Amino acid sequence: MIYRLLALNIDGTLLRSNGRLQPSTREAVHYVQKKGVYVTLVTSRHFQTAKKLAKALKINNILITHSGAFISDKVDRSLYENRISEEKTFNLVQVLETFDCNVRIVHERFSLGNRKKVSSNIVGKTLLSPTDPLFYPVQFVDSLGENLRDEPLSAPKIEVYFSEEHDCREVEKLLSDAFEGITTRVKNQTVLEITAKGVSKENGLRLLGQHLNILPEEMVAIGDADDDKEMIEMAGLGVAMGNAPNHVKKAADWITRNNDDQGVSYMVKEHFRMQHRIEFLDKLKVDR
């Protein structure tokens, strides 16, 4: 099988536990691109951060961001968007602001959150997020609901931060039962992510493949998180990081080293060194 596309998750996959990028990972991405393989990032992060990392890796391709809700190579030009409608965003925020939590609307151009007084660890997570580049405006208001009443907004993704896991689970169930057309997912026990129905990394990767005329079986997907599992299962070669939970590893065809032990570069060089350049392989087909 010729693999034409390499999809990489960011946190826990490309980046080390300290949030830094290893030189060997840069080299591996450059190595595989020289072979003509299309490299993309598939992440729950917002577009601006993913684009900044892609630039560091010299990836100039379409990126799958906001958990698959915003797929683009430029912030003002998207291949695909699937947003929560203005009305539903407002109604969700109205419900969420009755609970002890911080709510954050994660747009591709900016972030808008509330200043509700909750436990200090939540405030730290929302105010001091390392995923916000300096050129990504982050604004906090006293009431998101009032702000959205004056300035309606359709959200690619809403993040909700709780201090207790049981509160997070309770609100997830409430929203799932009360609202149609949304997808909810608990992340790291106390963070609730809300997107429009149909949004997932798997669907995002499938849509990009259709755009590029690349079949799922011609893809390699590397990830570590719960929401990487379906993407790993779909790909022709699904790879789980050594730091991935067991159920994600069971879904994979290949398990590489962990993110602090050069897991991406090890896998890429071990596998793609055996594959010729795409241009050469395609020429062989034509000649035959």
Side-chain angles (χ1 to χ4, degrees), residues 9 42-47 50 62-72 75-114 116 126 141 143-162 165-211 216 223 225-231 233-234:
N9 179 42
V42 186
T43 180
S44 60
R45 289 190 180 208
H46 57 72
F47 177 79
I62 296 170
L63 309 176
I64 301 165
T65 63
H66 299 262
S67 300
F70 190 79
I71 305 174
S72 181
V75 72
D76 56 355
R77 181 186 67 192
S78 64
L79 170 66
Y80 170 82
E81 297 176 25
N82 189 357
R83 302 173 183 272
I84 305 169
S85 69
E86 290 181 356
E87 180 183 5
K88 194 166 290 181
T89 298
F90 174 77
N91 290 336
L92 283 164
V93 167
Q94 287 286 90
V95 172
L96 287 166
E97 288 198 313
T98 65
F99 292 91
D100 188 27
C101 61
N102 275 111
V103 186
R104 186 167 176 175
I105 296 174
V106 186
H107 193 270
E108 68 274 13
R109 292 182 180 273
F110 57 85
S111 173
L112 184 64
N114 64 0
K116 187 166 184 177
T126 57
V141 296
S143 170
L144 266 181
E146 290 181 10
N147 191 276
L148 293 174
R149 186 179 288 111
D150 297 332
E151 300 179 44
L153 182 65
S154 57
K157 186 169 72 164
I158 301 172
E159 294 177 348
V160 193
Y161 297 81
F162 296 85
E165 180 179 0
H166 64 82
D167 293 335
C168 187
R169 298 285 179 184
E170 178 186 343
V171 173
E172 181 199 23
K173 185 178 187 310
L174 184 152
L175 296 183
S176 297
D177 293 341
F179 289 87
E180 294 182 352
I182 63 169
T183 298
T184 59
R185 185 176 77 89
V186 173
K187 180 180 179 181
N188 299 330
Q189 285 84 49
T190 57
V191 181
L192 177 61
E193 293 186 343
I194 308 169
T195 55
K197 188 174 182 179
V199 168
S200 69
K201 291 181 177 180
E202 175 199 2
N203 287 341
L205 188 55
R206 196 182 298 276
L207 285 164
L208 178 58
Q210 291 170 359
H211 174 72
D226 291 341
D227 62 343
D228 294 324
K229 180 174 176 287
E230 290 77 16
M231 171 180 81
E233 290 175 326
M234 181 196 75

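Here the structure is a predicted model, which means the values were calculated and not measured.
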So, does [X] use its side chain to make a donor-acceptor pair with the main chain of [Y] at under 3.5 Å?
X	Y	result
Asn114	Val103	yes
His66	Phe47	yes
Glu97	Gly145	yes
Asn203	Gly198	yes

So which heavy atom on [X] is nearest to which on [Y], and how close?
X	Y	value
Thr98	Val95	OG1-O, 2.6 Å
His46	His107	CB-O, 4.2 Å
Pro216	Met234	CB-O, 3.8 Å

With heavy-atom distances below 4.5 Å as the criterion, would you say the side chains of [X] and [Y] are in contact?
X	Y	result
Cys168	Val186	yes
Phe162	Leu192	yes
Ile64	Leu205	yes
Arg45	Thr65	no

Quick one: side-chain contact (heavy atoms from CB on, under 4.5 Å) partners of Glu81, sequence neighbours excluded?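 side-chain contact (heavy atoms from CB on, under 4.5 Å) list for Glu81, sorted by chain: Phe70, Ser78, Arg83.
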Leu148: what forms a side-chain contact (heavy atoms from CB on, under 4.5 Å) with it, not counting sequence neighbours?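 Residues passing side-chain contact (heavy atoms from CB on, under 4.5 Å) with Leu148: Thr89, Phe90, Val93, Ile105, Leu153.
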Side-chain atoms of residues 169-183: list all donor-acceptor pairs with protein atoms under 3.5 Å, sequence neighbours left out, distances to 0.1 Å.
from: Glu172; atom 1: OE2; to: Thr184; atom 2: OG1; distance (Å): 3.4
from: Lys173; atom 1: NZ; to: Asp177; atom 2: OD2; distance (Å): 2.8
from: Ser176; atom 1: OG; to: Glu172; atom 2: O; distance (Å): 2.9
from: Ser176; atom 1: OG; to: Thr184; atom 2: OG1; distance (Å): 3.0

Suppose we screen for side-chain hydrogen bond (donor to acceptor under 3.5 Å, both in side chains). Which residues come up paired with Asp226, at least two apart in sequence or across chains?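 Partners of Asp226 by the side-chain hydrogen bond (donor to acceptor under 3.5 Å, both in side chains) criterion, ordered by chain and then number, come out as His247.
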Lys201: partners by side-chain hydrogen bond (donor to acceptor under 3.5 Å, both in side chains), with sequence neighbours left out: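 By the side-chain hydrogen bond (donor to acceptor under 3.5 Å, both in side chains) rule, Lys201 matches Asn9, Asp227, Asp228.
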Under the salt bridge (charged side-chain N to carboxylate O under 4.0 Å, His left out) rule, collect the residues that match up with Lys157, sequence neighbours excluded.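 Lys157 satisfies salt bridge (charged side-chain N to carboxylate O under 4.0 Å, His left out) with Glu159, Glu193 only.
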If you measure from CD on Glu87 to OG on Ser154, what distance do you get to the nearest 0.5 Å?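 Separation between the atoms: 12.5 Å.
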